[in-house]
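Single-structure report; data block below.
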Amino acid sequence: MENSKINHPIVPAISKLNCIDLSSPDIQNSVSLLKQACLDSGFFYVINHGISQEFMDEVFEQSRRFFELPIDEKMKLLRNEKNRGYTPVLDELLDSENQVNGDYKEGYYIGVEVPEDDPASEKPFYGPNQWPPTDLLPGWRETMEKYHQEALRVAKAVAKIIALALDLDGDFFDKPEMLGEPIATSRLLHYEGRMSDPDNGIFGAGAHSDYGLITLLATDDNLGLQICKDKDSNPQIWEYVAPLKGAFVVNLGDMLERWSNGIFRSTLHRVLGNGQERYSIAYFVEPSHDCVVECLPSCKSETNPPKFPPVTCAAYLSQRYKDTHTDLSSYQNSKT
C-alpha cells in the first residue's frame with residue numbers, strides 16, 4: 001500500500017503548462033505565453049510543429065524494436081567516448097544524493113553525423129554515430145536521421161521565440177557558433193516497468209536539470225515525468241506533466257539559465273516508474289562545441305550583474321556527462 005501511495009498518478013497533482021502553437025500567426029502571443037512559462041516553470045508544450053503523428057508513431061516503433069533486442073546485441077553498440085550509442089539500465093546516476101542505484105532506464109544516443117575524416121570529428125562531441133546493422137533493424141538509421149533533422153527544425157523555431165522573449169533578435173540562436181552547428185542529440189529512452197520508490201532511492205530517472213539550451217521531449221501515453229518548480233523548497237513539491245498527444249514537452253536547460261542570468265529557469269525534473277513500460281524520446285539542443293555561454297546583454301545591468309562565469313559549451317557538457325555516467329572502463333573491466 002505504501003508504494004501505491006507514492007506512485008499513484010493522482011498524487012502529486014498534474015501541472016498546468018502553457019501551450020505554444022508554432023502555426024499561430026500571432027507571434028507576440030506566443031512570445032508572451034513562452035515568457036510566462038519560462039519564468040514560472042521552465043516547461044511548456046509545443047503543438048502544430050509540423051511533424052506528422054504517423055511519422056512519430058514510426059519513430060517510436062523503431063525505438064521499441066531496438067530495445068527489444070537481446071542485451072548482448074545492444075551491448076555491441078555500447079556508447080563510446082563521443083557519447084553515441086547504447087546506455088544500459090543503471091548506467092546513469094542523475095541524483096547521487098537520493099538514488100541508491102542508477103536510473104532504471106536504458107537509452108540510445110544519436111548525434112549530428114560527422115564523418116571520421118572530417119576535422120570536426122576531433123572535437124569531443126562530433127563524430128560518426130553508431131548504427132545497428134541494417135539486416136538486424138532495416139530502415140532504423142533512415143528513420144532516426146530524418147527525425148533528428150525534423151526535431152532540429154522544431155527546436156530552431158522554439159529558439160526564435162525564446163530569443164524574442166529575451167528581447168533579442170529572432171535569429172540570435174541561429175548563428176553558426178550556436179545552432180548553426182549544434183551539438184544536437186536524440187536520446188531514445190525505455191523504462192522497463194519497474195515501480196519507483198522515492199523514499200528508498202529508486203527512480204526511473206533521478207532528479208536533474210538538463211544541460212543545454214532546450215530539450216524537446218516526445219512521450220508515449222504513460223504518466224511518469226514530474227517537475228519541481230522550486231528546487232529550494234523543503235519539502236520539494238513534485239507535479240506530474242501529463243502526456244499530450246501530438247505535442248512536445250519542452251524544457252529549458254542549464255545553459256539557457258546561464259545565458260539569461262537566472263531569469264529563465266532550468267527546472268528539476270525526474271521520472272517515476274509506476275509499473276508500466278514507458279517509452280520517450282528526448283532531443284537535447286546545445287550550441288556548437290566552441291560557443292561561449294555568457295550572460296546576454298539584455299539580462300544584466302549595474303544592479304543585476306552576471307551570476308555565472310563564461311564557459312565553453314564543450315567544457316560544460318564534458319564535465320556534466322562525466323559526473324552522471326558510468327566510466328566506460330568499468331564495462332571493459334567487466335568483460336575480463
Side-chain angles (χ1 to χ4, degrees), residues 49-80 82-92 102-115 127-155 184-196 203-205 215-225 243-249 271-285 325-326 328 331 335:
H49 42 67
I51 303 179
S52 72
Q53 188 60 51
E54 291 77 14
F55 180 62
M56 289 304 306
D57 291 343
E58 172 64 16
V59 176
F60 272 90
E61 173 60 19
Q62 292 283 20
S63 175
R64 183 191 62 78
R65 288 174 62 201
F66 173 79
F67 288 119
E68 286 183 345
L69 292 174
I71 185 62
D72 58 338
E73 289 291 343
K74 292 184 286 191
M75 288 299 287
K76 292 176 184 178
L77 297 160
L78 180 69
R79 65 178 173 87
N80 56 26
K82 298 281 188 178
N83 229 45
R84 310 291 180 90
Y86 177 63
T87 55
V89 174
L90 305 183
D91 176 80
E92 193 170 17
D103 291 355
Y104 282 93
K105 70 177 190 296
E106 55 181 344
Y108 199 94
Y109 283 111
I110 303 167
V112 176
E113 184 76 15
V114 177
N129 285 294
Q130 298 197 78
W131 299 107
T134 54
D135 59 339
L136 192 64
L137 293 176
W140 201 88
R141 173 174 179 171
E142 290 78 9
T143 298
M144 296 306 166
E145 287 188 320
K146 180 181 177 183
Y147 178 74
H148 202 283
Q149 294 169 354
E150 288 291 294
L152 182 58
R153 175 186 56 76
V154 176
T185 306
S186 300
R187 192 180 187 194
L188 313 178
L189 294 166
H190 174 226
Y191 300 84
E192 294 180 326
R194 185 186 182 97
M195 185 75 77
S196 292
F203 298 88
T215 302
L216 309 182
L217 181 71
T219 74
D220 62 15
D221 297 329
N222 293 323
L223 207 62
L225 175 65
L244 182 62
K245 192 73 171 180
F248 283 112
V249 177
V271 174
L272 296 191
N274 60 6
Q276 292 181 303
E277 196 172 29
R278 181 175 180 269
Y279 290 88
S280 65
I281 303 169
Y283 188 77
F284 303 107
V285 184
H325 280 291
T326 300
L328 285 170
Y331 291 113
K335 296 177 182 179

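Reckoned from all heavy atoms, side chains included, excluding hydrogens, waters and symmetry mates.
Residues V271 and R278 meet the side-chain proximity criterion, which asks for heavy atoms closer than 4.5 Å. When side chains are defined from C-beta on, W140 counts as touching W131, because their heavy atoms get closer than 4.5 Å. At a threshold of 4.5 Å between non-hydrogen side-chain atoms, the residues P243 and L223 count as touching. By the 4.5 Å heavy-atom criterion applied to side chains, T215 and V285 are not counted as neighbours. A heavy-atom distance below 4.5 Å is not found between the side chains of T185 and I110. Proximity of N274 to S196: side-chain heavy atoms (C-beta onward) are nowhere separated by under 4.5 Å. For the pair L272 and F203, the minimum side-chain heavy-atom distance is below 4.5 Å. At a threshold of 4.5 Å between non-hydrogen side-chain atoms, the residues L217 and F248 do not count as touching.
Taking 4.0 Å as the cut-off between side-chain N and carboxylate O, E73 and K76 count as a salt-bridged pair.
With hydrogens and angles left out, the side-chain atoms of E113 and H148 include no donor and acceptor closer than 3.5 Å. A donor-acceptor contact under 3.5 angstrom links the side chains of Y86 and E106, judged on distance only. Side-chain N/O atoms of Q62 and E58 include a donor and acceptor closer than 3.5 Å.
Remark: R194 is positioned above the aromatic ring of Y104, its terminal NZ or CZ atom under 6.0 angstrom from the ring centre and at most 45 degrees off the axis. Geometric assessment of K146 against the ring of F55 yields a positive cation-pi assignment under the 6.0 Å and 45° thresholds.
Between Y283 and A155, the shortest heavy-atom distance links the atoms CE2-CB, 4.4 Å. The two residues P88 and M75 have their closest heavy-atom pair at CG-SD, 3.7 Å. Residue Y109 comes nearest to N83 through the heavy atom pair CB-O, 3.1 Å, listed as atom of the first residue, atom of the second, then distance. Between P115 and P128, the shortest heavy-atom contact is C-CD, 4.5 Å. Across all their heavy atoms, L78 and Q130 have their closest contact at O-NE2, 2.8 Å.
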Quiz prompt | Candidate pair E277 and N222, rule side chain to side chain contact (heavy atoms under 4.5 Å, CB included), full reasoning | solution = CA-CA 8 Å; E277 196 172 29; N222 293 323; 5.6 Å; no

Self-check item: Steps toward side chain to side chain contact (heavy atoms under 4.5 Å, CB included) verdict (I281, L189)
Solution: CA-CA 6 Å; I281 303 169; L189 294 166; over 6 Å; no

Quiz item: When you look at L216 and V154, which way does the side chain to side chain contact (heavy atoms under 4.5 Å, CB included) test go after all the steps?
Solution: CA-CA 9 Å; L216 309 182; V154 176; 3.9 Å; yes

Quiz item: Passes side chain to side chain contact (heavy atoms under 4.5 Å, CB included), Y147 versus M56? Steps please.
Solution: CA-CA 8 Å; Y147 178 74; M56 289 304 306; 3.6 Å; yes

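Partners of E192 under the salt bridge (charged side-chain N to carboxylate O under 4.0 Å, His left out) rule, at least two apart in sequence or in another chain, do not exist in this structure. For E61, the side chain to side chain donor-acceptor pair (under 3.5 Å) partners at least two apart in sequence or on another chain are R64. Take F60 and apply the ring-ring contact (aromatic ring centres under 6.0 Å, His included) test, not counting sequence neighbours, and it matches no residue. Under the salt bridge (charged side-chain N to carboxylate O under 4.0 Å, His left out) criterion, K82 pairs with no residue, sequence neighbours left out. The salt bridge (charged side-chain N to carboxylate O under 4.0 Å, His left out) search around R79 returns D91, not counting sequence neighbours. In this structure E92 satisfies the salt bridge (charged side-chain N to carboxylate O under 4.0 Å, His left out) test together with K105, R187, sequence neighbours excluded.
Ring-plane geometry between Y279 and F67 is classed as tilted, the angle between the planes lying from 30 to 60 degrees on a 0 to 90 degree scale.
Note that NZ of K74 and CG of D72 are 9.5 Å apart. Values are rounded to the nearest 0.5 Å. How far CD1 of I51 is from CD of Q149: 11.0 Å, rounded to the nearest 0.5 Å.
Checked by atom type and distance alone, the side chain of H49 never pairs as donor or acceptor with a backbone atom of E150 at under 3.5 Å. S63 contributes no side-chain N or O that, together with a main-chain N or O of V59, makes up a donor-acceptor pair within less than 3.5 Å. Remark: the backbone N or O of G111 is paired with a side-chain donor or acceptor of N129 at under 3.5 angstrom.
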